[in-house]
Visitor: 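Below you'll find the structure I mean.
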Amino acid sequence: MGKGKENMDLVEEDEYYETTDEEDEEEEEEEEEKWRKHYSSKHRILLVGEGDFSFSLCLAREFGSAHNMVATSLDTQENIGRKYSNGLGNIRELEERGCLVLYGVDAKQMSQHYFLRTQKFDRIVYNFPHVGFIFRENSYCQIQLNKGLVKEFLRNAKLLLKEGKGEIHVSHKEGDPYNKWELVKKAEKIGLILHEAVPFCKEDYPGYTNKRAQGNQSDASFRLGDCRTYKFRPLTPSPKYSLNGK
């Protein structure tokens with residue numbers, strides 16, 4: 001009888017270890033890196049100036065989780081509910097997937113935000129920055145306002161990048177008057193270098209809808225046309241050599 005009990009104990013132990021191995025394999029699968037275009041589930045990602053949060057949600061769905069993401073908007077939660085038909089629903093799903101959603105975050109001052117100033121990110125993303133339709137799009141005043149926005153965003157984003165490997169991504173329309181914003185020149189003046197500029201295709205981000213965000217048509221999309229994602233990295237200082245070559 002004692003021997004039979006011992007054998008049963010061994011069988012139960014074997015079953016326990018088999019179950020444990022299966023659980024380990026499942027955990028490894030859950031941690032598998034997933035990509036959506038330029039963004040990885042292993043990246044710590046800050047999304048700035050979200051409209052209805054559909055871009056953030058696209059990434060979260062692709063990754064299967066949003067624990068690596070912080071998504072922000074200048075709007076209050078109340079305003080988002082008023083402006084966008086899917087805004088609150090998107091936020092609810094993002095939070096259920098583990099994303100931290102922050103309201104009232106000004107892209108021009110975000111490095112001083114009480115939480116963000118304690119963080120560092122691999123990717124900081126701002127899709128189609130715009131101050132709103134205050135003047136005509138091609139007027140001098142409107143262009144100056146938008147130039148000021150991108151300049152201060154880049155300045156603040158640089159302070160929130162992880163050292164050595166972080167990137168700032170700005171998706172931006174091409175042609176007149178958008179080329180007058182001098183995005184690349186503004187970046188260079190604050191110590192950022194253009195790594196590459198690649199075509200932005202809305203179809204690469206299933207579920208993403210770009211929004212006008214202002215006025216009576218805040219929930220409507222605007223025509224994208226030709227646009228690119230500009231990827232900036234901090235300028236790396238050239239190595240200094242002594243006279244003896246060391």
Side-chain angles (χ1 to χ4, degrees), residues 27-51 53-74 90-91 93-95 97-103 105-129 150-172 183-184 186-188 190-201 204-208 227-237:
E27 286 178 5
E28 285 177 12
E29 287 176 4
E30 288 174 1
E31 294 174 1
E32 181 185 352
E33 185 172 21
K34 297 178 181 178
W35 286 84
R36 169 53 56 183
K37 287 300 285 183
H38 323 293
Y39 310 110
S40 161
S41 58
K42 299 292 187 183
H43 287 150
R44 177 78 166 149
I45 304 173
L46 171 64
L47 298 115
V48 180
E50 285 288 86
F53 288 83
S54 55
F55 188 86
S56 297
L57 186 55
C58 165
L59 299 185
R61 286 173 173 171
E62 183 69 28
F63 299 158
S65 167
H67 290 282
N68 61 319
M69 295 166 50
V70 178
T72 73
S73 171
L74 181 60
N90 290 344
I91 289 170
E93 184 176 343
L94 274 170
E95 292 179 331
R97 291 177 179 272
C99 181
L100 175 62
V101 176
L102 299 175
Y103 308 100
V105 176
D106 187 343
K108 303 191 301 296
Q109 301 176 8
M110 63 185 183
S111 64
Q112 301 305 310
H113 185 273
Y114 71 93
F115 174 75
L116 294 179
R117 68 186 181 190
T118 69
Q119 305 295 303
K120 296 293 181 182
F121 297 92
D122 298 295
R123 298 291 182 271
I124 300 178
V125 184
Y126 197 171
N127 291 319
F128 306 104
V150 296
K151 175 185 173 184
E152 290 307 315
F153 161 69
L154 291 169
R155 189 192 304 278
N156 279 262
K158 183 185 176 186
L159 298 174
L160 299 178
L161 280 182
K162 284 186 179 178
E163 189 174 348
K165 59 180 180 178
E167 291 183 0
I168 301 168
H169 292 187
V170 181
S171 294
H172 185 54
L183 181 61
V184 175
K186 295 293 180 192
E188 289 174 347
I190 59 173
L192 295 168
I193 190 168
L194 180 65
H195 170 57
E196 63 176 345
V198 296
F200 178 93
C201 299
D204 290 332
Y205 304 97
Y208 169 55
C227 41
R228 292 182 177 274
T229 298
Y230 289 78
K231 302 180 182 182
F232 297 102
R233 293 176 177 175
L235 185 62
T236 305

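Each residue takes its place number in the sequence, starting with 1. The structure displayed is predicted, hence computed values, not measured ones.
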Visitor: Heavy atoms, side chains only, cut-off 4.5 Å: are V125 and I168 in contact?
Guide: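 Not in contact.
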
Visitor: Between L57 and I91, is the side-chain contact (heavy atoms from CB on, under 4.5 Å) condition met? List the steps.
Guide: CA-CA 8 Å; L57 186 55; I91 289 170; over 6 Å; no

Visitor: What distance separates S41 OG from M69 CE, expressed to the nearest 0.5 Å?
Guide: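 Rounded to the nearest 0.5 Å, the OG-CE separation comes out at 11.0 Å.
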
Visitor: So F200 and F128, ring-ring contact (aromatic ring centres under 6.0 Å, His included) or not? Walk me through it.
Guide: CA-CA 11 Å; F200 178 93; F128 306 104; 5.2 Å; yes

Visitor: Could you pull out all residues at least two apart from E167 that satisfy side chain to side chain contact (heavy atoms under 4.5 Å, CB included)?
Guide: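 Here the qualifying residues are R123, H169, H195, K231, R233.
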
Visitor: The criterion is ring pair (Phe, Tyr, Trp, His ring centres under 6.0 Å); which residues satisfy it with H43, sequence neighbours excluded?
Guide: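 By the ring pair (Phe, Tyr, Trp, His ring centres under 6.0 Å) rule, H43 matches W35.
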
Visitor: Look up atom CG in L102 and atom CD in E50, then write down how far apart they are to the nearest 0.5 Å.
Guide: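 The distance works out to 12.0 Å.
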
Visitor: Excluding sequence neighbours, so at least two apart, what forms salt bridge (Lys or Arg N to Asp or Glu O under 4.0 Å) with K37?
Guide: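 In terms of salt bridge (Lys or Arg N to Asp or Glu O under 4.0 Å), with neighbours along the sequence ignored, K37 is linked to D204.
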
Visitor: Is any side-chain heavy atom of M110 closer than 4.5 Å to one of T72?
Guide: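 No, too far: nothing below the 4.5 Å cut-off.
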
Visitor: To the nearest 0.5 Å, what is the distance between CZ on F63 and SG on C58?
Guide: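 Rounded to the nearest 0.5 Å, the CZ-SG separation comes to 8.5 Å.
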
Visitor: Are any side-chain N or O atoms of S73 and backbone N or O atoms of Y103, one a donor and one an acceptor, separated by less than 3.5 Å?
Guide: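 Not at all, since once roles are kept as given, no pair shorter than 3.5 Å links the two residues.
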
Visitor: Between A60 and A66, which heavy-atom pair has the shortest distance, and what is it?
Guide: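 Taking A60 first and A66 second, the nearest heavy atoms are CB-CB, 3.7 Å.
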
Visitor: Taking atom NZ as the centre, does K151 end up with more than 12 heavy-atom neighbours from other residues, nucleotides or ligands that are less than 6.0 angstrom away?
Guide: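 No, the 6.0 Å shell around NZ holds no more than 12 heavy atoms from other groups.
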
Visitor: Test your reading of the model: is there a side-chain donor-acceptor pair from Q112 to the backbone of R117, 3.5 Å cut-off?
Guide: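 No, the answer is negative, given that no donor and acceptor are paired below the 3.5 Å cut-off.
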
Visitor: May I ask you to test the L47-Y126 pair for a side-chain heavy-atom distance under 4.5 Å?
Guide: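 With C-beta onward as the side chain, the pair stays apart.
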
Visitor: Mind listing the closest non-hydrogen atom pair of S54 and G207 along with its distance?
Guide: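 S54 and G207 have their closest heavy atoms at CB-O, 3.4 Å.
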
Visitor: Would you indicate whether the side-chain heavy atoms of V70 and I45 approach each other to under 4.5 Å?
Guide: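 Not touching, per the 4.5 Å side-chain cut-off.
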
Visitor: Could you tell me whether the side chain of R61 reaches within less than 4.5 Å of the side chain of R97, counting heavy atoms only?
Guide: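 Heavy-atom side-chain distance check passes, below 4.5 Å.
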
Visitor: Could you measure the distance from the CD1 atom of I190 to the CG atom of L159? Nearest 0.5 Å is fine.
Guide: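 The distance works out to 8.5 Å.
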
Visitor: What's the spacing between L100 CG and Q119 CD if we round to 0.5 Å?
Guide: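 Going from the CG atom of L100 to the CD atom of Q119 covers 8.5 Å.
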
Visitor: Do I124 and L160 come within less than 4.5 Å of each other through their side chains, counting heavy atoms only?
Guide: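 They are in contact (side-chain heavy atoms under 4.5 Å apart), so the answer is yes.
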
Visitor: Around atom CD of E33, are there more than 12 heavy atoms of other residues, nucleotides or ligands at under 6.0 Å?
Guide: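 Check passes, neighbour count above 12.
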
Visitor: In plain terms, say whether K162 and D122 are close enough for a salt bridge, that is, a side-chain N and a carboxylate O under 4.0 Å apart.
Guide: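 Answer for the salt bridge query: yes.
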
Visitor: Hey, does T229 have a side-chain heavy atom less than 4.5 Å from the side chain of N127?
Guide: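 They are not in contact (no side-chain heavy atoms under 4.5 Å apart), so the answer is no.
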
Visitor: Is the backbone of F53 close enough, under 3.5 Å, to the side chain of S56 for a donor and an acceptor to pair up by distance?
Guide: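 Not a single qualifying donor-acceptor pair exists.
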
Visitor: Does N156 use its side chain to pair, donor to acceptor, with the backbone of K108 at less than 3.5 Å?
Guide: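 Yes.
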
Visitor: In the structure I gave you, are the side-chain heavy atoms of F232 and L183 within less than 4.5 Å of one another anywhere?
Guide: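 Sidechains of L183 and F232: in contact.
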
Visitor: Hey, is the main chain of K42 close enough, under 3.5 Å, to the side chain of N68 for a donor-acceptor pair?
Guide: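 Not at all, since once roles are kept as given, no pair shorter than 3.5 Å links the two residues.
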
Visitor: Say you draw a straight line from CD of E93 to CD of E95; how long is it, rounded to the nearest 0.5 Å?
Guide: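 Result: 11.5 Å between the selected atoms.
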
